Amino acid sequence: MRSLGISLVMLFILVTLLRSTAFIVDETEQVVITQFGKPVGTAIKDAGLYFRAPFIQDANYFPKNLLEWNGEPGQMPTKDKTFISLDIFARWKVIDP
């Protein structure tokens, strides 16, 4: 019974260590690995399974697709006191994270 408990604890530690080292990059994401807050290496832009040093390195995800922001529509008076309608928007894409 004691060896079963030790085996379960070792299995739990192994699964936790594996989950903290492996990470998956989706095809719509790009990842920058940071170690103690500073970037390490180049950005990972290809989809797949990758590994990092556990508890030391962090995976920071950035979207690869087109992002958009829509502001509040508003009205603005012109010089001849007529109002024009304004629609504010922005679109961007993260190329080099």
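This structure is a prediction, so every number in the text was calculated from the model and none was measured. Each residue takes its place number in the sequence, starting with 1.
With side-chain heavy atoms closer than 4.5 Å counting as contact, directly or through intermediates, the hydrophobic cluster containing Ile84 also holds Met76, Leu86. Other members of the cluster containing Phe55 are Leu17, with ILVMFWY side chains joined at under 4.5 Å, either directly or via other members. Under a 4.5 Å side-chain heavy-atom cut-off, the cluster of Ile, Leu, Val, Met, Phe, Trp and Tyr residues that includes Tyr50 is completed by Phe23, Val25, Val31, Ile33, Ile44, Tyr61.
Hydrophobic clustering (ILVMFWY, side-chain heavy atoms < 4.5 Å, transitive): Phe12 and Leu8 are in distinct clusters.
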- Working for side-chain contact (heavy atoms from CB on, under 4.5 Å), residues Lys64 and Val94: CA-CA 6 Å; Lys64 201 189 291 186; Val94 178; over 6 Å; no
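The distance from the CG atom of Leu11 to the CG atom of Leu4 is 10.5 Å, given to the nearest 0.5 Å. In this structure, OG1 in Thr21 is found 6.0 Å from CZ in Phe51, a value given to the nearest 0.5 Å. Expressed to the nearest 0.5 Å, how far CG of Leu14 lies from OG of Ser7 amounts to 12.0 Å.
Within a 6.0 Å radius of CD in Glu27, no more than 12 heavy atoms belonging to other residues, nucleotides or ligands are found. In the displayed structure, Glu72 atom CD is contacted under 6.0 Å by at most 12 heavy atoms of other residues, nucleotides or ligands.
Looking at Glu29, its side chain never comes within 3.5 Å of a backbone N or O of Asn65 through a donor-acceptor pair. Side chain of Arg52 to backbone of Gln57: a donor-acceptor contact under 3.5 angstrom is found.
The two residues Val32 and Ala43 come nearest to each other via the heavy atoms CG2-CB, 4.1 Å. Of all the heavy atoms in Gly37 and Thr34, the pair that sits closest is C-CB, 4.2 Å. The two residues Gln35 and Ile56 come nearest to each other via the heavy atoms CG-CG2, 3.5 Å. The shortest heavy-atom contact between Leu49 and Ala22 is CD1-CB, 4.0 Å. When all heavy atoms of Leu66 and Arg91 are compared, the pair lying nearest together is CD2-CD, 4.3 Å. Counting all heavy atoms, side chain and backbone alike, Ile95 lies closest to Gln30 at O-OE1, 4.0 Å.
The shortest side-chain heavy-atom distance between Pro54 and Arg19 does not fall under the 4.5 Å cut-off.
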